[in-house]
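First the structure, in the form of structure tokens, and then the observations on it.
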Amino acid sequence: MRISKLFGKTQREIPAEADTASHQLLLRAGMIHQVAAGVYSYLPLAWRVLKKIENIIRDEMDKAGGQELMMPVLQPLELWQETGRDLAFGKGLFTLSDRKERKLCLGPTHEEVITKLVSANVQSYRDLPLMLYQIQAKFRDEPRPRAGLIRAREFTMKDLYSFDTDEDGLDQSYNKMLQAYRNIYSRCGLPALLVDADSGAIGGKDSHEFMVIAESGEDEIIYCPGCQYAANADKAESIKSKIDSEETLPLEEVDTPGMATIEEVSGLLKVPQSHTLKAVFYIADGKLVFVVIRGDIEVNEVKLKNVLHCIELRMATEAEVIEAGIVAGSASPIGISGIKIIADDSITSGTNFVAGANKPDTHFRNVNYPRDFKADIMADIAKAHAGEECPRCSGKLSSTHGIEVGHIFKLGTFLSEKLGAFFIDQSGVSQPIIMGCYGIGLGRLLAAAFEQNHDDKGIIWPLPIAPYQIYLCPLYLENPQVAAAAESIYAELEAQGLEVLFDDRNESPGVKFNDADLLGIPVRVTISPRTLETNSVEIKKRSEKEFDLLPLEGVAKRLKELITSSL
RNA sequence: CGGGGUGUGGCGCAGUUGGUUAGCGCGCAGCGUUUGGGACGCUGAGGUCGGAGGUUCAAGUCCUCUCACCCCGACCA
């Protein structure tokens, strides 16, 4: 490809709208163009990268036993109402009406469509297992699209769905995908960390995410440097510090005038925060719930949402709390009825806590569970933090940020039961098909590659996903010897099947070198009167500072060997 | 949805208490001189100042409404 003909211009200045490295560089390199918030056009360079990523993914999916197919973007909303997931997605679903006022949506994912498809085509255990996938645009009306391609509203995703007859089969499919995903990231030159993830309200037992560590990542990862434990902060567990138990004492009221927060109460009564109980109020699908947790621990709302099996969860407003007859600031579950009480398991160790007395300006000392109150649900709903103990090896947990570049789920039978995807097993009994789903966002993977591989000059593409392999960079093209050598090397490189970006512009060396660095093509080949004096060309890798001189004679072959050996 | 911010040629920005024909840098086109890490000179093209309404003799500038985009949070398979 000749740069003079390439669609898309590089820019010297950083576009004001971008402040993430990948977003800035993608814009400066002329690879993407914004159409609306979270909606982008991909210019030829980005499109080439995307196709390379796509081919790597397709190859790995096929090797793992996947069959590619294509489902529609346009889906009847009715299908989503059947599973109730229209509510789970809520406003995230792009909906529209056709001319007959039938409601449709743009697919944010395809579990519903594929489950119907499979149910129509699978009757017997003999038809299973199955792995089906597609690579297609997805639409999600994100509350806040951000950082260019990292969180977009329209994005390309590979989504594979597995269908098995039993849990063992699901485990096998899941492990095949896990390995295929590892292969994909390694082939794309991206180190991705496997972390435990939350599977959401309808998810099944296991779920993992693949994370590329990056400052700009949206997700917090809690991990243990000592063992292999790593989890999304939404899911992460930690060992809660143990509180010494003493002999339980009788309840005792104390005056705490004007004291409402845990800090104030623990300060006034001179007890550590870990010896207090905190009351937090949420509205879960419209109903007030009472959450009790140890004073020094925070509530993890994702965990809470999961134990409540609710669709919408938010903090209750003070007015809502008061309206429910609760004394805000001095609340505890003692003597409270008619409200669902959820307790974190942190309250089961330790004794003689300080908690609200459900009277203004009053708290109790010596509150003990379960002597003084009962919880409707007792579970781990605590937020894990760096510095706490690892649940696996008791080492100290650390935290970092990551970009989620893949997510795999064991779905189980929720959708197949709802949508009637059953098979007849060997003994003639009808059973729901056991499902898994596995997604990778291609554009996000591309953006993660930028975040992971760049310097102040631009991107440094890993060779397998670089838009071109070689940047052919002749200097002083008006010099007939240079022009002739450049043209002939260009032809030879192309004849070797190499992907060459030929900078055939009459620009100064500085402009050409800077563009070469910005675009990040792995190998730069410079020809100039200076190199021609010694019948050579200069070879420089984008990732390295030094350069080599290679003889002009046979340079295409040498480069072919170099590229092939690095791929 | 709450908070903050920005909208002026393709990009980055300036534009004073309202006052002629809206500027600057980059980029773009032409010519010439140059050029191993973003050269220089000359000439030139390109703008309904996000949109609507209003105040005024006069609005990029003031007022009202509105739209879009960005950031933080909430939210998010």
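Every chain is numbered from 1, with letters handed out A, B, ... down the list of sequences.
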Quick check: [Y] with [X] (ring centres under 6.0 Å apart)?
{"X": "A:Tyr181", "Y": "A:Tyr438", "answer": "no"}
{"X": "A:His208", "Y": "A:Phe210", "answer": "no"}
{"X": "A:Phe7", "Y": "A:Trp47", "answer": "no"}

Between protein and nucleotides 28-32 of chain B, what N or O pairs are separated by less than 3.5 Å?
none

If the [atom1] atom of [N] is compared with that of [M], how far apart are they to the nearest Å?
{"N": "B:G18", "M": "B:U55", "atom1": "C1'", "result": "11 Å"}
{"N": "B:A45", "M": "B:A29", "atom1": "P", "result": "15 Å"}
{"N": "B:C57", "M": "B:G50", "atom1": "P", "result": "25 Å"}
{"N": "B:U16", "M": "B:C62", "atom1": "C1'", "result": "15 Å"}
{"N": "B:G12", "M": "B:A58", "atom1": "P", "result": "34 Å"}
{"N": "B:U48", "M": "B:G7", "atom1": "C1'", "result": "15 Å"}
{"N": "B:U33", "M": "B:G19", "atom1": "P", "result": "46 Å"}
{"N": "B:A39", "M": "B:U20", "atom1": "P", "result": "37 Å"}

Return the orientation label for the A:Tyr40 and A:His23 ring planes: parallel under 30°, perpendicular over 60°, tilted otherwise. perpendicular
How close do A:Ala152 and A:Gly38 get, counting heavy atoms only, and between which atoms? CB-O, 3.4 Å
When every non-hydrogen atom of A:Asp219 is compared with those of A:Glu404, the smallest separation belongs to OD2-CB, 3.7 Å
Taking C-beta and beyond as the side chain, do [X] and [Y] meet within less than 4.5 Å on heavy atoms?
{"X": "A:Gln469", "Y": "A:Pro522", "value": "no"}
{"X": "A:Leu25", "Y": "A:His454", "value": "yes"}
{"X": "A:Lys512", "Y": "A:Leu475", "value": "yes"}

Residue whose nearest RNA chain B nucleotide is more 5′ - A:Pro509 or A:Glu111: A:Pro509
Quick one: label [X] by what it contacts on the DNA or RNA (base, sugar-phosphate, nothing), any heavy atom closer than 4.0 Å.
{"X": "A:Lys138", "answer": "nothing"}
{"X": "A:Leu27", "answer": "nothing"}
{"X": "A:Thr10", "answer": "nothing"}
{"X": "A:Glu218", "answer": "nothing"}

Quick one: stems involving RNA chain B, counted as three or more successive Watson-Crick or G-U pairs, both distances short of 3.5 Å. B:1-7 with B:67-73, B:10-13 with B:23-26, B:28-33 with B:39-44, B:50-54 with B:62-66
Counting only N and O atoms by type, is there a donor-acceptor contact under 3.5 Å from the side chain of A:Gln136 to the main-chain atoms of A:Met71? yes
Would you please confirm or rule out a distance under 4.0 Å between OP1 or OP2 of B:A39 and any side-chain N or O of A:Ser508? yes
Ion pair check, A:Glu142 and A:Arg151, cut-off under 4.0 Å: yes
Check nucleotides 68-71 of chain B for protein N or O atoms closer than 3.5 Å to its own N or O atoms and list the pairs.
unit_1	atom_1	unit_2	atom_2	d
B:C69	OP1	A:Ala37	N	3.0
B:C69	O3'	A:Gln34	NE2	3.4
B:C70	OP1	A:Gln34	NE2	3.0
B:C71	OP1	A:Ala147	N	3.4

